[in-house]
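Please read the structure below before turning to the comments.
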Amino acid sequence: MIASIILNDMNRSDLAAYGYRSWILQDIGEPFEVILNLFNLREDYFRKLSAGAHPHCVPIINTFKPPQFFNVSAANNIGLHYASGKYVVFANSDMIHSSGYLRLAIEEMSRHGLSYLTGSRFNLSPKQTESLQDPLTYTLERPFDLELCAATISAPDRKS
């Protein structure tokens, strides 16, 4: 297994659906796993979202009783317990990643001798977020890349 992506969701499932879906559609030529730790009763929903995952993706969904206080670090450690990848990615479950993100991240980690990373953020504007379609409409043939490219193109220029 080349990589383990660890995601956690307690009460943001509507947004986590997009992040989860973007990870299981990563375009990479080696086996990888997406470990989703759910601290809610949405397992059936995420199992449906696993349909059409990249052939090299192994989705792993763990469900736990919701805690009174949610601790992301503790949840990440639970995910790490299940991880078997050479590289580990700790990512926010509500962030969408382009289909080539994992491939590029692994290249960088390999180049610099790193073993893990915390997933970077890519924010869509409110208008772009509202225009997202149902998570299941995004597939290997139609990944999130179009929306992410549009977000990059329309991002305001920064003056140095």
Side-chain angles (χ1 to χ4, degrees), residues 1-10 12-13 15-39 42-43 46-47 49-64 70-125 128-129 132 135-136 138-158 160:
M1 196 71 54
I2 190 69
S4 300
I5 294 88
I6 298 173
L7 307 171
N8 305 295
D9 178 46
M10 182 168 170
R12 297 181 58 119
S13 297
L15 295 173
Y18 292 100
Y20 175 71
R21 190 83 179 151
S22 75
W23 280 110
I24 67 169
L25 297 176
Q26 289 296 297
D27 184 13
I28 188 165
E30 298 181 64
F32 68 99
E33 60 193 3
V34 177
I35 301 167
L36 175 63
N37 296 315
L38 294 175
F39 297 89
R42 303 295 307 267
E43 182 176 0
F46 283 96
R47 293 245 178 251
L49 288 174
S50 298
H54 190 282
H56 289 125
C57 178
V58 177
I60 299 170
I61 300 174
N62 302 310
T63 303
F64 303 97
F70 184 71
N71 181 311
V72 173
S73 295
N76 281 341
N77 285 333
I78 291 171
L80 191 57
H81 172 75
Y82 291 97
S84 64
K86 178 178 179 179
Y87 300 102
V88 176
V89 177
F90 298 101
N92 292 338
S93 62
D94 60 349
M95 291 291 125
I96 298 170
H97 292 82
S98 64
S99 62
Y101 183 86
L102 181 58
R103 184 175 15 84
L104 294 173
I106 288 171
E107 288 172 8
E108 281 298 303
M109 287 189 285
S110 176
R111 183 181 357 245
H112 297 288
L114 304 173
S115 300
Y116 73 94
L117 68 84
T118 56
S120 65
R121 298 179 68 102
F122 186 94
N123 294 326
L124 298 177
S125 70
Q128 290 162 324
T129 300
L132 288 171
L136 281 171
Y138 300 96
T139 64
L140 292 171
E141 295 77 28
R142 188 184 178 276
F144 288 93
D145 299 10
L146 295 174
E147 281 80 358
L148 296 179
C149 288
T152 302
I153 292 167
S154 65
D157 292 330
R158 291 187 177 175
S160 300

Could I get the full list of salt bridge (Lys or Arg N to Asp or Glu O under 4.0 Å) partners for E43, not counting sequence neighbours? R47
Partner residues of E108 under the side-chain hydrogen bond (donor to acceptor under 3.5 Å, both in side chains) criterion, sequence neighbours left out: R111, H112
Could you list the residues that satisfy side-chain hydrogen bond (donor to acceptor under 3.5 Å, both in side chains) with S110, not counting sequence neighbours? none
Looking at every heavy atom in both L140 and P55, which two are closest together, and how far apart are they? CD1-CD, 3.9 Å
List the residues meeting ring pair (Phe, Tyr, Trp, His ring centres under 6.0 Å) with H81, not counting sequence neighbours, and say none if there are none. none
What closest approach, in Å, do I2 and I28 show between heavy atoms, and which atom pair accounts for it? CG2-CD1, 4.3 Å
Verdict with reasoning, Y18 to D94, per side-chain contact (heavy atoms from CB on, under 4.5 Å): CA-CA 7 Å; Y18 292 100; D94 60 349; over 6 Å; no
Distance (rounded to the nearest 0.5 Å) between T139 OG1 and H54 NE2: 12.0 Å
Would you compute the distance between atom SG of C57 and atom CD1 of I5 and round it to the nearest 0.5 angstrom? 7.0 Å
Close side-chain approach of R21 to I96, heavy-atom, < 4.5 Å: no
CG (L102) and NE2 (H56) are apart, to the nearest 0.5 Å, by 12.0 Å
For the residue pair L49 and P59, establish whether any side-chain heavy-atom pair is separated by less than 4.5 Å. no
For Q26 and H97, the nearest pair of non-hydrogen atoms, with its separation, is NE2-O, 3.8 Å
By the definition ring pair (Phe, Tyr, Trp, His ring centres under 6.0 Å), identify the one residue from F90, F46, Y101, Y138 that meets it with W23. Y101
For S13, give me all partners under side-chain hydrogen bond (donor to acceptor under 3.5 Å, both in side chains), at least two apart in sequence or on another chain. D9, N40
Of all residues at least two apart in sequence or in a different chain, which pass the side-chain hydrogen bond (donor to acceptor under 3.5 Å, both in side chains) check with Y20? S50
Pair up each side-chain donor or acceptor in residues 31-39 with any protein partner under 3.5 Å, not counting sequence neighbours, and list the distances.
{"from": "E33", "atom 1": "OE1", "to": "S84", "atom 2": "OG", "distance (Å)": "3.2"}
{"from": "E33", "atom 1": "OE2", "to": "S4", "atom 2": "OG", "distance (Å)": "2.5"}
{"from": "E33", "atom 1": "OE2", "to": "S84", "atom 2": "N", "distance (Å)": "2.6"}
{"from": "E33", "atom 1": "OE2", "to": "S84", "atom 2": "OG", "distance (Å)": "3.2"}
{"from": "N37", "atom 1": "OD1", "to": "N62", "atom 2": "ND2", "distance (Å)": "3.1"}
{"from": "N37", "atom 1": "ND2", "to": "N8", "atom 2": "OD1", "distance (Å)": "3.0"}
{"from": "N37", "atom 1": "ND2", "to": "A75", "atom 2": "O", "distance (Å)": "3.3"}

Does N92 use its side chain to pair, donor to acceptor, with the backbone of M95 at less than 3.5 Å? no
